[in-house]
Asks: 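Mind looking over this structure? Questions follow.
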Number of protein chains: 2
Amino acid sequence: MDIQHAILGILSWQPLSGYDLKKIISESDLFYWSGNNNQIYYSLVELHKAELITQEIQHQESLPTKKKYTITEKGRAELRKWTLANPDLPELRNNFLIQLAWADQLSQPEMDDLLGRYEDEIEIQLRMRQARQQAGYQNNASDGTARAKFFWKKIFENILAAYQHELDWIREVRRELRDVNFPDEI
Amino acid sequence: MDIQHAILGILSWQPLSGYDLKKIISESDLFYWSGNNNQIYYSLVELHKAELITQEIQHQESLPTKKKYTITEKGRAELRKWTLANPDLPELRNNFLIQLAWADQLSQPEMDDLLGRYEDEIEIQLRMRQARQQAGYQNNASDGTARAKFFWKKIFENILAAYQHELDWIREVRRELRDVNFPDEI
DNA sequence: CTTGTCATGTAAGAGGTTACATGATTCG
DNA sequence: CGAATCATGTAACCTCTTACATGACAAG
């Protein structure tokens with residue numbers, strides 16, 4: 001899996017410019033990349049070279065010229081092939097867990113402050129994503145089949161659940177820490 | 001958060017060589033890096049330059065010479081400072097979700113095969129980690145305080161739960177897909 | 001006699017990030 | 001009058017990965 005396939009997939013919904021793709025990717029919860037120019041504009045050049053997309057230059061009055069990219073038949077075939085490929089494992093990289101591994105050096109108030117900051121940050125992320133989904137913001141499959149809608153729903157349930165589980169976990173950690181008295185507490 | 005702090009943290013438990021660190025990191029579920037030489041040996045040079053660790057060359061009979069690294073007081077201060085730093089968000093990057101976003105093109109058998117492969121892979125990962133934890137393999141805090149043990153337990157609960165939730169999710173997706181008949185199924 | 005362990009190190013490259021550069025238009 | 005939007009592109013850099021290189025010894 002790489003961003004080129006994601007771009008190819010987005011272009012399979014509709015022809016778009018690099019700028020459009022940048023916005024979609026940077027505002028998306030699913031497409032987790034930052035949406036930086038370097039990567040997107042370079043990917044488009046590469047996809048074009050490989051004849052998976054075509055480029056159409058559109059001159060606009062009072063706005064900059066833009067390049068609209070359209071997926072080709074070869075591109076659709078590549079996308080289908082990739083969709084069938086062996087799934088990657090999710091990347092579970094939680095630096096906070098590593099930080100916690102040495103948190104025992106901290107005093108009780110420092111610790112509680114640290115855990116509290118993490119809880120707050122996770123909650124903000126969860127609320128943000130919940131709001132975005134309620135606004136129907138990312139529902140690119142609204143015009144798809146019933147099955148496509150089902151998958152779309154499951155994808156976003158997965159993302160929200162991950163944040164919800166993390167929030168539940170940190171709250172449980174804090175609750176236990178309050179309730180249990182450790183004899184060697186600093 | 002970066003691997004240098006993780007290395008510093010591991011060295012706060014006991015003095016180790018680069019080779020030892022490589023093994024610990026590559027076999028760990030918590031320290032998610034690959035454990036490649038380039039990163040570890042380079043980090044040790046940098047930590048040494050910054051006087052956060054000291055180096056002791058140990059000649060061994062019938063084995064290669066090794067370099068044992070010990071954390072300094074300055075290193076411990078840096079570790080403590082970092083432990084208090086603002087927590088990073090977990091990196092939730094699941095390429096499989098992106099793959100699913102275009103899975104509607106697939107036929108029912110292709111789809112079921114794809115979802116099945118993902119379920120199998122997640123289950124393998126979960127079982128592997130469960131086994132490692134049952135073997136007490138990663139319990140570096142076995143000699144720590146009661147509070148340190150509590151954190152260690154919570155850290156590994158978090159990691160296992162992430163895989164368990166992913167497994168539950170994919171099973172639920174497959175169950176619903178079997179039970180619901182989509183009118184536009186291919 | 002080949003594979004694995006101990007032990008250090010380097011090279012090359014993929015993938016990703018922030019920041020810079022340009023320039024017209026529109027909105028507050 | 002300054003900031004945001006539209007739109008493309010480049011430069012510099014960081015992190016991390018795989019693979020290569022060396023060499024002795026132990027075990028199957």
Side-chain angles (χ1 to χ4, degrees), chain A residues 1-8 10-11 15-28 30-50 53 55-69 82 88-89 91-95 98, chain B residues 1-8 10-11 15-28 30-50 53 55-69 82 88-89 91-95 98:
Chain A
M1 174 62 208
D2 54 84
I3 200 173
Q4 289 193 25
H5 284 111
I7 288 173
L8 200 57
I10 297 169
L11 291 178
L16 293 166
S17 68
Y19 187 78
D20 296 329
L21 284 162
K22 180 193 166 82
K23 277 213 296 185
I24 289 171
I25 291 171
S26 59
E27 289 167 13
S28 165
L30 176 62
F31 306 116
Y32 50 76
W33 297 273
S34 74
N36 73 88
N37 295 352
N38 215 331
Q39 218 176 0
I40 292 170
Y41 287 105
Y42 176 78
S43 295
L44 287 169
V45 168
E46 290 301 302
L47 288 169
H48 192 220
K49 265 191 214 163
I53 56 175
Q55 192 192 58
E56 190 198 339
I57 291 163
Q58 294 187 316
H59 294 282
Q60 301 175 112
E61 32 169 336
S62 86
L63 275 178
T65 295
K66 73 166 155 182
K67 293 178 181 172
K68 202 169 164 185
Y69 293 94
W82 165 68
D88 290 345
L89 285 169
E91 286 176 39
L92 303 174
R93 301 178 168 207
N94 192 342
N95 285 331
I98 302 182
Chain B
M1 172 61 209
D2 54 84
I3 199 172
Q4 288 193 26
H5 284 112
I7 288 173
L8 199 57
I10 297 169
L11 291 178
L16 292 167
S17 67
Y19 187 78
D20 295 330
L21 284 163
K22 180 192 166 83
K23 277 213 295 185
I24 289 170
I25 291 170
S26 59
E27 288 166 16
S28 165
L30 177 62
F31 307 116
Y32 50 77
W33 298 272
S34 74
N36 72 90
N37 293 353
N38 214 332
Q39 216 176 1
I40 292 169
Y41 287 105
Y42 176 77
S43 295
L44 287 169
V45 169
E46 291 301 301
L47 288 169
H48 192 222
K49 264 190 215 163
I53 57 175
Q55 191 190 59
E56 190 196 338
I57 291 163
Q58 295 188 315
H59 293 282
Q60 302 175 111
E61 33 171 333
S62 86
L63 275 178
T65 295
K66 72 166 157 185
K67 294 178 180 171
K68 201 169 165 184
Y69 294 94
W82 165 68
D88 290 344
L89 286 168
E91 287 177 38
L92 303 173
R93 305 178 165 202
N94 193 341
N95 285 330
I98 302 182

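In the text below, chain A, chain B and the rest are named by the order of the sequence lines, each starting its count at 1.
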Asks: Any idea which of C/dG15, D/dT8, C/dT18 is nearest the A/Q39 side chain?
Replies: C/dG15

Asks: Touch check for B/K22, heavy atoms < 4.0 angstrom, all strands: base, sugar-phosphate only, or nothing?
Replies: nothing

Asks: Would A/I7 and A/I53 satisfy side-chain contact (heavy atoms from CB on, under 4.5 Å), going step by step from the backbone distance to the final call?
Replies: CA-CA 10 Å; A/I7 288 173; A/I53 56 175; 5.9 Å; no

Asks: What closest approach, in Å, do A/Y32 and B/N95 show between heavy atoms, and which atom pair accounts for it?
Replies: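 It is OH-OD1, 2.6 Å.
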
Asks: Between P on C/dA14 and CH2 on A/W33, what's the gap in Å once rounded to a whole number?
Replies: 18 Å

Asks: Let me see the working for A/I3 and A/L21 under side-chain contact (heavy atoms from CB on, under 4.5 Å), right down to the final yes or no.
Replies: CA-CA 11 Å; A/I3 200 173; A/L21 284 162; over 6 Å; no

Asks: Which pair of heavy atoms, one from A/G35 and one from A/K22, lies closest together, and at what distance?
Replies: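 Taking A/G35 first and A/K22 second, the nearest heavy atoms are O-CG, 3.1 Å.
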
Asks: So if I take every side-chain heavy atom of B/R93 and compare against C/dA7, C/dT17, C/dG23, which nucleotide ends up nearest?
Replies: C/dT17

Asks: Looking only at side-chain N and O atoms, does A/Q60 come under 4.0 Å of OP1 or OP2 in D/dA7?
Replies: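 Answer is yes, contact under 4.0 Å.
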
Asks: Toward the 5' end of DNA chain C, which comes first, B/S17 or A/G35, by nearest nucleotide?
Replies: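 Going by which nucleotide is closer to the 5' end, it is B/S17.
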
Asks: Mind checking A/K23 for me? I need base, sugar-phosphate or nothing, with any heavy atom below 4.0 Å counting as a touch.
Replies: sugar-phosphate

Asks: Map A/N38 and A/L63 onto DNA chain D by nearest heavy atom, then report which one ends up closer to the 5' terminus.
Replies: A/L63

Asks: Output the rounded distance in Å from NE2 (A/H59) to C1' (C/dA24).
Replies: 16 Å

Asks: Please state how far atom OH in A/Y41 lies from atom P in C/dT17, giving the value in whole angstrom units.
Replies: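 In whole Å, C/dT17 P lies 16 Å from A/Y41 OH.
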
Asks: Classify the ring geometry between A/W82 and A/H5 as parallel (under 30°), tilted (30 to 60°) or perpendicular (over 60°).
Replies: parallel

Asks: For A/L44 and D/dA7, give me the distance from atom CG to atom C1', rounded to whole Å.
Replies: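 Checked: the CG to C1' distance equals 13 Å.
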
Asks: Check the distance between D/dC13's P and B/Y42's OH and give it to me in whole angstrom.
Replies: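 Distance, rounded to whole Å: 13 Å.
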
Asks: Rounded off to whole Å, could you give me the NE2-to-C1' distance for the B/H48 and C/dT8 pair?
Replies: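 Between C1' of C/dT8 and NE2 of B/H48: 16 Å.
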
Asks: Side chain of B/K67, heavy atoms from C-beta onward: which of C/dT8, D/dA7, C/dT17 has the nearest atom to it?
Replies: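 Nearest to the side chain of B/K67 among the choices is C/dT8.
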
Asks: Does a distance-only test, which skips hydrogens and angles, find a donor-acceptor pair under 3.5 Å between the side chain of A/N36 and the base of C/dG16?
Replies: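 Answer is no: no donor-acceptor pair is held.
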
Asks: Just how far, in rounded Å, is P of C/dT17 from CZ of A/F31?
Replies: 15 Å

Asks: Could you tell me the separation between the CD1 atom of B/I24 and the C1' atom of C/dA7, rounded to a whole number of Å?
Replies: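 Taking atom C1' of C/dA7 as the reference, CD1 of B/I24 is at 15 Å.
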
Asks: B/K66 has a side chain; which of C/dT8, C/dT17, D/dC6 sits nearest to it?
Replies: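 Of the options given, the side chain of B/K66 lies nearest C/dT8.
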
Asks: Toward the 5' end of DNA chain C, which comes first, B/P64 or B/Q55, by nearest nucleotide?
Replies: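 So the residue in question is B/P64.
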
